[in-house]
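Just below is one structure, and these are the notes that go with it.
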There are 2 protein chains.
Amino acid sequence: MEEGTSKSPSKRPSTVNHGDADPFQWDTREDCQVRQILDRIADKWSLLVIALLENRRLRFTELRREIDGVSQRMLTVTLRSLERDGLVKRTVHPVVPPRVEYELTSLGRTLHATVQSLVTWTEKHQGEIAAARAAYDSRTADAAEATAP
Amino acid sequence: MEEGTSKSPSKRPSTVNHGDADPFQWDTREDCQVRQILDRIADKWSLLVIALLENRRLRFTELRREIDGVSQRMLTVTLRSLERDGLVKRTVHPVVPPRVEYELTSLGRTLHATVQSLVTWTEKHQGEIAAARAAYDSRTADAAEATAP
DNA sequence: CAGTATCCTGAACGATACTG
DNA sequence: CAGTATCGTTCAGGATACTG
């Protein structure tokens, strides 16, 4: 598992370079914290895990069953990332067979609350977005049809 | 440009399958709107573009200069996606040389406002996250050192 | 049960060259 | 100026097999 460790730390090709006095430092720097957090929660599974753990602590297999599309490997990678960032607490019970439980930390719960505003926004505006997409696609289709009929 | 068009529409391998009555429909379905929105704004450049357009309308080259790490290709792809979703308005002025200006739509502005809460959360908690990472990494390093010295 | 370790594929992205 | 077209690389993530 090299990517789990390399995912966050190995990201400074110093591409984005703005530099000057700017009211938007938070988004113009490559190592921007916001971007890192967004990358964390917007990846394929993190949000699902956070949402499921919001209710109750769950075991590895329970999470797997709930999400079900996730591969064993990616669930592990996702959980490790969340644990590393202090969003999820991992508890190993020294029994056999092993029993490992995951739960949100208090930090994880505050993140979930914040994400809710995004969820709310999306639910409120998904109609507009769908309409915009449909409009754009039909416009594009028309243009293509007019160009190469 | 195949990926620009395929980016959003070609995403239903119907992997995540939960099904049963669940208070979390918004996050367990593969075609989840929240996930789509997150994918849009969390990609490499969208957030930067939205942030820059929050202030003023900008031309293609101006955006390119501001972001500067972005390739011509990705800026185009990003702008097209944002336009398709109704977050950004594209205006072509029929002059020569061409003059194309981009600005946020009202929908785009409301999204920016929503994202701000995430930014605020991040600024507030980045210390905790950094600490959690450092703690996790040192723990991990210790374990590795104890296993294979 | 809860993982690791490998291998492999597709697609995201960058670099480059060309155009209305 | 503001793109489009093509090519090559990288790497996230799935499939599979093996362990404490």
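Reckoned from all heavy atoms, side chains included, excluding hydrogens, waters and symmetry mates. Below, chain A is the first sequence line, B the second, and so on; all start at residue 1.
- When only modelled atom types and interatomic distance are considered, A:Asp137 and A:Thr140 share no side-chain donor-acceptor pair under 3.5 Å.
- Distance B:Leu63 CG to D:dA2 P: 10 Å, rounded to the nearest Å.
- Annotation: side chain to side chain contact (heavy atoms under 4.5 Å, CB included) contacts of A:Val96 (sequence neighbours excluded): none.
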- Dot-bracket summary - DNA chain D, pairs being Watson-Crick or G-U whose distances fall under 3.5 Å, with | when paired to another strand: ||||||||||||||||||||
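- Note: CG (A:Leu75) to P (D:dA12) measures 18 Å, nearest angstrom.
- Nucleotide C:dG3 holds its P atom 12 Å from the CD atom of A:Glu101, rounded to whole Å.
- Partners of A:Ser71 according to the side chain to side chain contact (heavy atoms under 4.5 Å, CB included) rule, which considers only residues two or more places apart in sequence or in another chain, are A:Arg73, A:Met74.
- OP1 or OP2 of D:dG3 sits under 4.0 Å from a side-chain N or O of B:Tyr102.
- Atom C1' of nucleotide C:dA2 and atom CE of A:Met74 are separated by 17 Å, given to the nearest angstrom.
- Of the candidate nucleotides D:dA2, C:dG14, D:dG14, C:dG14 has the atom lying nearest to any side-chain atom of B:Lys44.
- Comparing C:dA2, D:dG3, C:dG20 by their nearest atom to the side chain of A:Gln72 picks out C:dA2.
- The existence of a salt bridge linking A:Glu101 and A:Arg57 is confirmed by a sub-4.0 Å separation between a basic side-chain nitrogen and an acidic carboxylate oxygen.
- Put simply, B:Arg80 has a side-chain N or O that comes within less than 4.0 Å of OP1 or OP2 on D:dG3.
- Residue A:Arg99 places none of its side-chain N or O atoms closer than 4.0 Å to OP1 or OP2 of C:dG3.
- Whole-Å rounding puts the A:Asp39 CG to C:dA12 P distance at 15 Å.
- At the phosphate of D:dC1, neither OP1 nor OP2 sits under 4.0 Å from any side-chain N or O atom of B:Arg59.
- Residue B:Arg90 has a polar side-chain atom (N or O) positioned under 4.0 Å from OP1 or OP2 of D:dG3.
- With sequence neighbours left out, B:Arg64 forms a side chain to side chain contact (heavy atoms under 4.5 Å, CB included) with B:Phe60, B:Val70, B:Gln72, B:Leu75.
- Listed nucleotides: C:dG3, D:dG3, C:dG14. Nearest to the side chain of B:Phe60: D:dG3.
- Remark: P of C:dA15 and CG of B:Asp68 are 11 Å apart, rounded to the nearest angstrom.
- Rounded to whole angstrom, the span from the CG atom of A:Leu79 across to the P atom of C:dT4 amounts to 10 Å.
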Please set out all donor-acceptor pairs under 3.5 angstrom arising from side-chain atoms of residues 102-109 of chain A, sequence neighbours excluded.
from: A:Tyr102; atom 1: OH; to: A:Arg90; atom 2: NE; distance (Å): 3.3
from: A:Thr105; atom 1: OG1; to: A:Gly86; atom 2: O; distance (Å): 2.6
from: A:Thr105; atom 1: OG1; to: A:Leu87; atom 2: O; distance (Å): 3.3
from: A:Thr105; atom 1: OG1; to: A:Leu107; atom 2: N; distance (Å): 3.3
from: A:Thr105; atom 1: OG1; to: A:Gly108; atom 2: N; distance (Å): 3.0
from: A:Arg109; atom 1: NH1; to: A:Leu104; atom 2: O; distance (Å): 3.2

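- Partners of A:Ala132 under the side chain to side chain contact (heavy atoms under 4.5 Å, CB included) rule, at least two apart in sequence or in another chain, do not exist in this structure.
- In terms of phosphate contacts, B:Thr61 brings a side-chain nitrogen or oxygen within less than 4.0 Å of OP1 or OP2 of D:dA2.
- In this entry the distance linking CG of A:Leu58 with P of C:dC1 reads 15 Å, nearest Å.
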